[in-house]
Q: 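Submitted below is the structure of interest, expressed as structure tokens.
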Amino acid sequence: MLSPKKVKYRKIQKGRVRGAESRGVDLAFGDYGLKSTETCRIDTRALEAARIALTRHIKRGGRVWIRVFPDKPFTKKPAETRMGKGKGSPEGWTAVVRPGRILFEMEGVDRATALEAMRLAAHKLPVKTIVVEREAQGLGA
């Protein structure tokens, strides 16, 4: 699963996820993409489940890019623990996603296969998404 090799701080505050995304909003690599339409923190397990669903459906044909990376740690206190005594230990990693962010991109498969694969991947994610396509390239200006 995805996780950073090294971070500056073990624990960081949650913060607020506000506003729309300004970077990573256009298709950069593939012909089809999965774009988020709401704000969310996506766990590394959810990203991995979506990636597996995507690649299984296209039967390792084509190419897939993951455009988000879980680099924010989240902590959890043990079950049945009283309040206080500080913050819990790091439990996993999340990717902070704002509306408009491209999560996955794909190329090298036909349209019907790509749409179905993106639909299967979207069911694994805790965020509402839409499928975006690259416009057909014009022959002349």
Side-chain angles (χ1 to χ4, degrees), residues 1-139 141:
M1 284 189 258
L2 296 172
S3 67
K5 288 186 181 78
K6 187 175 161 187
V7 289
K8 191 169 184 180
Y9 300 107
R10 271 180 70 230
K11 302 176 185 177
I12 61 172
Q13 294 183 337
K14 269 185 194 169
R16 282 205 194 103
V17 187
R18 296 164 65 179
E21 191 64 72
S22 57
R23 297 180 301 162
V25 296
D26 297 318
L27 291 174
F29 305 103
D31 298 326
Y32 302 96
L34 197 61
K35 182 184 265 198
S36 74
T37 58
E38 61 185 12
T39 299
C40 189
R41 288 184 185 93
I42 301 179
D43 187 18
T44 184
R45 286 184 282 269
L47 275 175
E48 183 67 9
R51 184 195 65 81
I52 289 169
L54 200 68
T55 53
R56 278 215 180 122
H57 187 75
I58 61 174
K59 296 183 176 66
R60 294 187 304 279
R63 190 157 174 210
V64 175
W65 289 269
I66 304 173
R67 296 283 307 274
V68 291
F69 187 78
D71 58 350
K72 190 168 191 171
F74 70 90
T75 61
K76 201 176 264 187
K77 291 187 70 114
E80 312 262 333
T81 305
R82 292 186 179 189
M83 292 288 107
K85 305 275 191 287
K87 190 170 174 156
S89 57
E91 190 72 18
W93 300 91
T94 60
V96 176
V97 172
R98 293 182 180 89
R101 181 76 184 202
I102 300 281
L103 305 174
F104 291 96
E105 288 190 35
M106 184 189 334
E107 75 170 5
V109 293
D110 60 287
R111 186 174 187 274
T113 307
L115 295 179
E116 179 61 18
M118 290 292 186
R119 186 188 69 80
L120 291 170
H123 283 299
K124 304 289 183 186
L125 298 170
V127 62
K128 288 183 183 166
T129 58
I130 56 170
V131 177
V132 290
E133 300 179 48
R134 189 180 297 278
E135 293 86 17
Q137 297 295 324
L139 294 175

Q: How long is the gap from CZ on Arg23 to CZ on Arg67, to the nearest 0.5 Å?
A: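 Atom-to-atom, Arg23:CZ and Arg67:CZ are 11.0 Å apart.
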Q: Start with the C-alpha distance between Arg111 and Glu133, add both sets of side-chain angles, then the distance that settles salt bridge (Lys or Arg N to Asp or Glu O under 4.0 Å), and finish with yes or no.
A: CA-CA 9 Å; Arg111 186 174 187 274; Glu133 300 179 48; 2.8 Å; yes
Q: Side-chain polar contacts of residues 33-42 - donor-acceptor pairs under 3.5 angstrom, sequence neighbours left out - could you list them?
A:
{"from": "Lys35", "atom 1": "NZ", "to": "Val25", "atom 2": "O", "distance (Å)": "3.2"}
{"from": "Ser36", "atom 1": "OG", "to": "Arg98", "atom 2": "O", "distance (Å)": "2.8"}
{"from": "Thr37", "atom 1": "OG1", "to": "Lys128", "atom 2": "O", "distance (Å)": "3.0"}
{"from": "Glu38", "atom 1": "OE2", "to": "Lys128", "atom 2": "N", "distance (Å)": "3.0"}
{"from": "Arg41", "atom 1": "NH2", "to": "Lys14", "atom 2": "O", "distance (Å)": "3.3"}
{"from": "Arg41", "atom 1": "NH2", "to": "Gly15", "atom 2": "O", "distance (Å)": "2.9"}

Q: First locate atom CE of Met118, then atom CD1 of Ile130, and finally report the distance between them rounded to the nearest 0.5 Å.
A: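 These two atoms lie 11.5 Å from each other.
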Q: Excluding sequence neighbours, so at least two apart, what forms side-chain contact (heavy atoms from CB on, under 4.5 Å) with Ala49?
A: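 Ala49 satisfies side-chain contact (heavy atoms from CB on, under 4.5 Å) with Lys124 only.
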Q: Would you name the heavy atoms of Glu116 and Arg119 that are closest together and state the gap between them?
A: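 Nearest pair, atom of Glu116 first, then Arg119: OE2-NH2, 2.6 Å.
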Q: Work out which heavy atom in Pro70 is nearest to a heavy atom in Trp93; give both atom names and the distance.
A: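 Shortest heavy-atom separation between Pro70 and Trp93 comes out as O-CB, 3.7 Å.
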Q: Begin from the C-alpha positions of Phe74 and Asp43 and carry the test side chain to side chain contact (heavy atoms under 4.5 Å, CB included) through to its verdict.
A: CA-CA 9 Å; Phe74 70 90; Asp43 187 18; 3.7 Å; yes
Q: What is the minimum heavy-atom distance between Asp31 and Gly108, and which atoms define it?
A: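 Smallest heavy-atom distance, with atoms named: OD2-N, 4.4 Å.
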Q: Which residues pass the salt bridge (Lys or Arg N to Asp or Glu O under 4.0 Å) test with Glu48, not counting sequence neighbours?
A: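 Applying salt bridge (Lys or Arg N to Asp or Glu O under 4.0 Å) to Glu48 gives Arg51.
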Q: Give a yes or no on whether Lys87 atom NZ has more than 12 heavy-atom contacts from other residues, nucleotides or ligands under 6.0 Å away.
A: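 Correct, the count exceeds 12.
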Q: Heavy atoms only: give me the nearest Ala46-Leu125 pair and the separation to one decimal.
A: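 It is O-CD2, 3.8 Å.
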Q: Is the backbone N or O of Ile58 less than 3.5 Å from a side-chain atom of Thr113, with the two atoms forming a donor-acceptor pair by type?
A: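 Such a contact is absent between Thr113 side chain and Ile58 backbone.
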Q: Would you confirm whether Glu105, through its side chain, and Phe29, through its main-chain N or O, come within 3.5 Å as a donor-acceptor pair?
A: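 Checked: pair present.
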Q: One pair to check against side chain to side chain contact (heavy atoms under 4.5 Å, CB included): Val127 and Leu103. What are the steps and the verdict?
A: CA-CA 10 Å; Val127 62; Leu103 305 174; 4.1 Å; yes
Q: Does any non-hydrogen side-chain atom of Pro4 lie less than 4.5 Å from one of Phe69?
A: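 Of all side-chain heavy-atom pairs linking Pro4 with Phe69, at least one is under 4.5 Å.
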Q: Looking at His57 and Leu120, what are the two nearest heavy atoms and their distance?
A: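 Answer, listing the atom of His57 first, then Leu120: ND1-CD1, 3.7 Å.
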Q: As a quick check of understanding, evaluate side chain to side chain contact (heavy atoms under 4.5 Å, CB included) for Ile102 and Leu27, giving each step before the final call.
A: CA-CA 7 Å; Ile102 300 281; Leu27 291 174; 4.2 Å; yes
Q: Search all heavy atoms of Phe104 against all heavy atoms of Val64 and return the closest pair with its distance.
A: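 Closest approach of Phe104 to Val64, heavy atoms only: CD2-CG1, 4.4 Å.
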Q: Mind checking whether Pro90 and Lys11 have side chains closer than 4.5 Å, heavy atoms only?
A: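 Yes. Closest side-chain heavy atoms under 4.5 Å.
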